[in-house]
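Letters go in sequence order (proteins before strands), and every chain restarts at 1. Because only heavy atoms are used, hydrogens play no part in the values below, and waters and symmetry mates are left out as well, while side chains stay in.
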Amino acid sequence: MENSLLIAGFGGQGIMTLGQIIGYAATKSHLKATYYPSYGAEQRGGTANCAVVIADQEIGSPVRNKLNHIIAMNEPSFKRFEYNLIDQGSFFINSSLIKITVKKEKANVYNIAASELAMDIANIHSANFVMLGAYIAATKILDKNIVAETIDDYFTHKKEIAKISLIAFDEGFRQISKLGGKGCHDTTFK
Amino acid sequence: MSQLFMKGNEAIAESAVRAGCEFFAGYPITPQNEIPEYLSWRLDEVGGVFVQGESEVAAVNMIYGASCAGKRVMTSTSGPGLSLKAEGISYLAASRLPAVIVDVARTGAGLGQIKPGQNDYWFVKSPGHGGFKTIVLAPHTVQEAVDLTYMAFDLADRDLAPVIVLADGVIGAMMEAVTLPPFKDTYPDKTSWILNGAENRESRIISSVTNDLNKLESFHVYQKELYESWGRKDVMVESFMASDAEYIIAAYGTSARIAKTAIRILREKGIKIGLIRPITIVPFPYEAFEDLPYNNVKGILVTELCIPSQMIDDIQLGVLKRIPVHTFGRGGGFIFSPEDIIDELNKVFSLED
């Protein structure tokens, strides 16, 4: 098993936090993982993305062109990486901010209104955790409880943020569970 | 042993602390900033000293001073900063002072860019004037960055010489699980040469200037013998799926791990391809290339995150034109993908035809 994930969005949407938490959780699950943040002389409000590879054997390249999964938090990042998804790969799309439809064929598309859901149940800043919940529920790549523990550990000195993040995570998970874990092109939640 | 998911730069820093590094002086530069950031609080915790110098020149001379006093010392930087430290590294080598220098390489000459690159290969083999060499250790994973940094302190103390850890911006910035080594509790005895106050003993001088020309020449002969001894005992190289390979990728650091993914993909298609990965750039594993089964191996591709290729010089010394050696790289801070390597292999060797 080797799985490549790209998480992309605006700086400030918690892209790097999400990537790191997945890496921590994978390590906790005795899997191999790499996390590589895109860095550069970035502009505020510019795009931010990170690559996460999870595997059960030694990981070669931490950066991939061909992606099994993409979590896209905004339109520019979606447009930039759309065709890096492999056939039968999965898109997790923050449909609150991404209003364009997926052109890539042979893709599982999960439209999650993450920003709106986050605002309703917790805090707009936890939209990333709504996406994480949906991602874990749909892919089952990591155990839900281990990811939840990891979120709790990550914010060990910020209990309020841990609480909000876990509420958002559960909400994302619930969105997918409602559909029996299946995604399809025209599925929108909410 | 428990595994920790750590950023390369921070893992290097923690490894240095566990190796007994008591003094670090540095100056900020991307992509190595997490090393001094981490050590700024961590060294204080363990009773060491962290100094952010007013420049790279100051920082390298601070580690010169602390090394004279017998401490295990380190500095870290990236390309432009290494240029500024070159004078000090030459002085460390000439004064026979142990020190560990970490270069988290980025792309381009001059200021270049802060994006990752493997552009310092030529430079780190002799990072300063006057004709000296440094052992150069080149990790390709975060775990290896930890292990080689830990080892670098022992090599530096063994030879009384500066040792370079050559990482790159990908290894520095990425996170990966590591098992950290234990805290060292025994160190080489340096009392015979350090400057610790001349009470009840003859005074000593540690200097890079030698007015006795015969003594200076003896030192040059000693350097030659030292460098030859590295070639006999310190070479490290990984051979990955290479024993039956008809095609060889030669790569170190990040480009080697990208090549491993390409090789796994091609092996599944039945193509006999493998990797030879120098772990020590100095001493270079020439034998791994001299001893290739040339009746079986058809060609070599050198992959590096830089243009032009730099490692090809050493590969050619091993191969001596017995088979074609091609190069493939990306410059400008771009990172090639495993698929890019496969495309290049197909172009030069028609692999999948």
Side-chain angles (χ1 to χ4, degrees), chain A residues 1-7 15-43 48-68 81 83-86 142 146-147 149-151 153-154, chain B residues 2-9 30-31 33-34 106-107 111 113-116 140-144 168-179 238 240-241 249 251 254-265 275 277 303 305 330 332-343:
Chain A
M1 184 278 283
E2 187 168 271
N3 185 84
S4 57
L5 161 70
L6 188 99
I7 310 170
I15 305 299
M16 304 306 173
T17 303
L18 220 56
Q20 289 180 26
I21 284 175
I22 294 170
Y24 284 122
T27 305
K28 218 173 190 177
S29 311
H30 306 289
L31 290 164
K32 309 276 184 203
T34 60
Y35 155 88
Y36 181 66
S38 149
Y39 70 88
E42 309 289 16
Q43 294 172 323
N49 70 79
C50 66
V52 182
V53 181
I54 298 178
D56 54 12
Q57 62 172 7
E58 178 190 6
I59 297 172
S61 180
V63 189
R64 303 298 168 97
N65 264 2
K66 296 188 175 176
L67 302 165
N68 299 98
F81 296 111
Y83 289 100
N84 291 104
L85 193 76
I86 61 166
L142 294 166
I146 291 180
V147 178
E149 275 171 34
T150 307
I151 295 169
D153 289 349
Y154 189 87
Chain B
S2 69
Q3 293 235 297
L4 294 170
F5 192 64
M6 285 185 88
K7 187 175 266 254
N9 283 332
T30 306
N33 283 322
E34 293 87 354
R106 58 192 239 182
T107 187
L111 214 49
Q113 243 298 337
I114 63 174
K115 293 272 184 188
H140 83 315
T141 63
V142 176
Q143 181 67 57
E144 204 171 38
D168 59 60
V170 177
I171 300 293
M174 71 181 286
M175 295 177 80
E176 200 167 29
V178 291
T179 304
E238 181 191 7
F240 175 80
M241 298 190 182
I249 296 176
T254 292
S255 57
R257 65 183 300 161
I258 299 171
K260 282 184 174 178
T261 301
I263 288 165
R264 284 214 171 89
I265 294 168
L275 170 76
R277 178 176 72 88
T303 64
L305 295 174
R330 287 296 305 267
F334 292 104
I335 302 170
F336 46 67
S337 68
E339 291 76 20
D340 294 334
I341 295 180
I342 292 170
D343 288 348

First locate atom CZ of R264(B), then atom CD of Q57(A), and finally report the distance between them rounded to the nearest 0.5 Å.
4.0 Å
With P62(A), which of T141(B), V170(B), V142(B) fulfils side-chain contact (heavy atoms from CB on, under 4.5 Å)?
V170(B)
In this structure, NE2 of H30(A) is separated from CD of Q3(B) (nearest 0.5 Å) by 9.5 Å
Just so I understand: if I count every heavy-atom pair under 4.5 Å between each of I263(B), I258(B), D340(B) and chain A, which residue has the most?
I258(B)
What pair of heavy atoms forms the shortest contact from G169(B) to Y36(A), and how long is it?
O-CE1, 4.2 Å
Euclidean distance, M175(B) CE relative to I22(A) CD1, rounded to 0.5 Å
12.5 Å
What do you reckon, is OH of Y154(A) surrounded by more than 12 foreign heavy atoms closer than 6.0 Å?
yes
Quick one: do T254(B) and V63(A) satisfy side-chain contact (heavy atoms from CB on, under 4.5 Å)? Show the steps, please.
CA-CA 10 Å; T254(B) 292; V63(A) 189; over 6 Å; no
Would you say T261(B)'s side chain and S61(A)'s backbone share a donor-acceptor pair under 3.5 angstrom?
yes
How long is the straight-line distance from OG of S38(A) back to NZ of K115(B), given to the nearest 0.5 Å?
4.5 Å
Enumerate the salt bridge (Lys or Arg N to Asp or Glu O under 4.0 Å) contacts for residues 22-31 of chain A, please, sequence neighbours excluded, ordered by first and then second residue.
K28(A)-E149(A), K28(A)-D153(A)
Portion of T34(A) that has a non-hydrogen atom of chain B nearer than 4.5 angstrom
both
Please name the pair of heavy atoms, one in Q20(A) and one in F5(B), separated by the smallest distance, quoted to 0.1 Å.
O-CE2, 4.0 Å
Rounded to the nearest 0.5 angstrom, the CD-OG1 distance for E176(B) and T27(A) is 9.0 Å
Can you name the residues that form a ring pair (Phe, Tyr, Trp, His ring centres under 6.0 Å) with F336(B), not counting sequence neighbours?
F328(B)
